There are 2 protein chains.
Amino acid sequence: MKNTTDLKKLSIILGLSQTTVSRALNGFPEVSEKTRIRAQLAAKKYNYLPNSRAKRLASGRTMTIAHIMTTSKEHELVNPIFSDFISGASRRYNESNYDLLLSTVNDEDEHETYRDLAARSAVDGVVLHAPKINDNRITMLNELQLPYVVHGRSSGVKESYNWVDVNNESAFFRATEFLIDLGHKSIGLINGVADMDFAIRRASGYRRALSENIINIDEAKIFNGEMTEPYGYKSTFKLFEMENPPSAILSSSRIIAMGIRRALEEKNLKIGQDISILTFDDDLSYFREDGEIPLFTSTKSSVREAGYKTANLLIESIKNPTQETQGILLEAELTIGLSTKRFRPIS
Amino acid sequence: MKNTTDLKKLSIILGLSQTTVSRALNGFPEVSEKTRIRAQLAAKKYNYLPNSRAKRLASGRTMTIAHIMTTSKEHELVNPIFSDFISGASRRYNESNYDLLLSTVNDEDEHETYRDLAARSAVDGVVLHAPKINDNRITMLNELQLPYVVHGRSSGVKESYNWVDVNNESAFFRATEFLIDLGHKSIGLINGVADMDFAIRRASGYRRALSENIINIDEAKIFNGEMTEPYGYKSTFKLFEMENPPSAILSSSRIIAMGIRRALEEKNLKIGQDISILTFDDDLSYFREDGEIPLFTSTKSSVREAGYKTANLLIESIKNPTQETQGILLEAELTIGLSTKRFRPIS
DNA sequence: TGAATAATTCAAAGCGCTTTGAATGTTTTA
DNA sequence: TAAAACATTCAAAGCGCTTTGAATTATTCA
């Protein structure tokens, strides 16, 4: 048997009832200060922490939040922003002693996973990741009465819900305008999967900027796909197989931008010189370069920060279940790097 | 109140005792087949799943495994392989209905986190990540009597423990020999942080290959640091500031290799032509390119696979606590890409 | 057919906490 | 100084399951 102290032992040691010891340690006011200190000292001395299984059953709360990470079955692709997001969220959970339950499922099993968590009452809340347009998981979560926050939004969903999102439309609008101001008229867009809400909003910002500047939208220059390095690479090649290749490319992620760079290198095109690149940047920790002029001009928003704020909103809404749903919109920063220059026709 | 069915309700509906219903659903043999089917049907019909809080308390097991992700305080760096590893481990947990508890802590708080998990008896087991040389977390986990598996090994630790690791020494030995066979005699090594066990083993394989081929080891060409893209970039620049820059570079990760590529591009050096690059590759999903000749020659080992096997070993050792500890050594594949060519002096 | 055996089912205890409602001890008030 | 008011502590119930040990029912054997 393991050498653990339980409440019973501790209360015997102290010559107090379990009730009093429990209250002393949980900060209830009706315990005398003398007793409280005595209890706290003994708890430390005997390395007592309440058994979380028992605590959860007795208190009716699990102090656990679930994050559900989906991997598409074919690609087994893991979203690379996930670990940074989680790391931000964790920071918030640690502050309030929540545990984080991470569940990885195939797309098609995701609904069942939510149902399952609710039926087992295994968690106090859920973070919904990577919402699509008209995402019916939101309706489901409303039915399940499980508190949740969406990381992102879902166009087309009429119900209200808690969300934290980057202003994707505005980020890509500004990015596109920035390129237009530099004289670019032919701008490619290498975006995420078509039914992802963020991808739709980004495309929409891009389109709006072109329209407002009376530039024709060439649908062939818009790519949708899973945001891998090879995808960026291949899409760039396709762009340059066209009769009139773009003079600038917008990318939806740093990983894509890596692929773009590899393709351009092979094509002997200099980034910034021959072609401008502007990428969205989630500010992932292992790409972060400090103190220097960054290679890529980008619209940047820390996904770790988003994780923290998402966790915070969820904890708030668990604490206060009746409160109005709210949305938090983060603005991306336009950061000028070396990858964008005034348009010059390739000689 | 939420519309959940509990065991009591279900047993009343069925006109059976809670005991019988519980046993029927948990597959005990002393329940008649007729009763079992009736119970299963009713459970489905009324959407019954046992409350996990209660189940855990009653059964004494949490059916939860903890993974502790550390972020260095200064850099707030998240290990990019983490999400792929987790995704592999999750697949195994799903098979046996384990939950995955993810905890993110600063390096210095990690010990306390383990103690905490043990004292609260919050998990049935732990996966230890990123072991260093002489890692004292192993001793601690042995004391805590908490089942665990190390992802990696720890040189210098004499106690026995369960581990799953890539054969880093052999991978880098082969990689180095491969470059030597191509005629390279000056080979740089851009490695991980110096006290990480994997980095030590990799450096050791590299050294052995040079020694065996009677090539002088130039310590100035060995770099240790956190494996980010900018680190790869900067280290490459340093290599080329030397009087006698290397003709080949070994890299410890794909992310580093990205940085190397960026530096070489700026230097107008062609990968494969002017300089050979060989990188370790964790086969992260978002770098995976299928069907083509890969850019990078690499020693490759899927970290997702390692995650699956680690989880499997942990589950086995929880099931059978008395069993001998075991180590699982994965061999990396040497995959030839475009980034390595026979040595030619730069003209 | 009645005892012995096997197959099912059940009532109740227990997991280790929190929380309710009652009891005791202490101080204040008149 | 007794009653009222307040402060502190306690015994016991309850959270929703699993599991023990006993009870009931069905089957087999002589």
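Every chain is numbered from 1 and lettered A, B, ... according to where its sequence line falls, protein lines coming before strand lines. Owing to the predicted nature of the structure, the values given are computational and were not obtained by experimental measurement.
Residue B:Phe28 contributes atom CZ, which lies 15 Å from atom C1' of C:dC10 at whole-angstrom precision. Between the CG atom of A:Leu7 and the P atom of D:dG14 there is a distance of 19 Å, given to the nearest Å. As rounded to whole Å, 8 Å separates atom P of C:dT9 from atom NZ of B:Lys34. We find that CZ of B:Arg61 is positioned 10 Å from P of D:dT18, with the value rounded to whole Å. What separates CD of B:Glu33 from P of C:dT9 is a distance of 11 Å, to the nearest Å.
Position along DNA chain C of the nearest nucleotide to A:Arg23 versus A:Gln18 favours A:Gln18 as the more 5'-ward residue. Mapping A:Thr20 and B:Leu57 onto DNA chain C via the closest heavy atom, the residue that lands nearer the 5' end is B:Leu57.
Closest to the side chain of A:Ser59, out of C:dT18, C:dT8, D:dT9, is C:dT18. Relative to the side chain of B:Asn51, the nucleotides D:dG16, D:dT18, D:dA11 differ in distance, and D:dG16 lies closest. The nucleotide whose nearest atom lies closest to any side-chain atom of A:Leu16 is, among C:dT18, D:dC10, D:dT18, D:dC10. Ranking C:dG16, D:dT8, C:dC15 by closeness to the B:Ala58 side chain, first place goes to C:dC15.
Side-chain contact between A:Thr64 and A:Arg56 is present, with heavy atoms from C-beta onward closer than 4.5 Å. Contact annotation: the side chain of B:Ile318 never approaches that of B:Arg61 to less than 4.5 Å [non-hydrogen atoms, C-beta and beyond]. Between A:Asn79 and B:Ser83, every side-chain heavy-atom pair lies at or beyond the 4.5 Å cut-off.
Using a cut-off of 4.0 Å between Lys/Arg side-chain N and Asp/Glu carboxylate O, A:Asp135 and A:Arg137 are scored as salt-bridged.
B:Ser52 comes within 4.0 angstrom of no nucleic acid atom, judged by non-hydrogen atoms across all strands.
The base of C:dT19 sits within donor-acceptor range of the side chain of A:Thr19, with an N or O pair under 3.5 Å.
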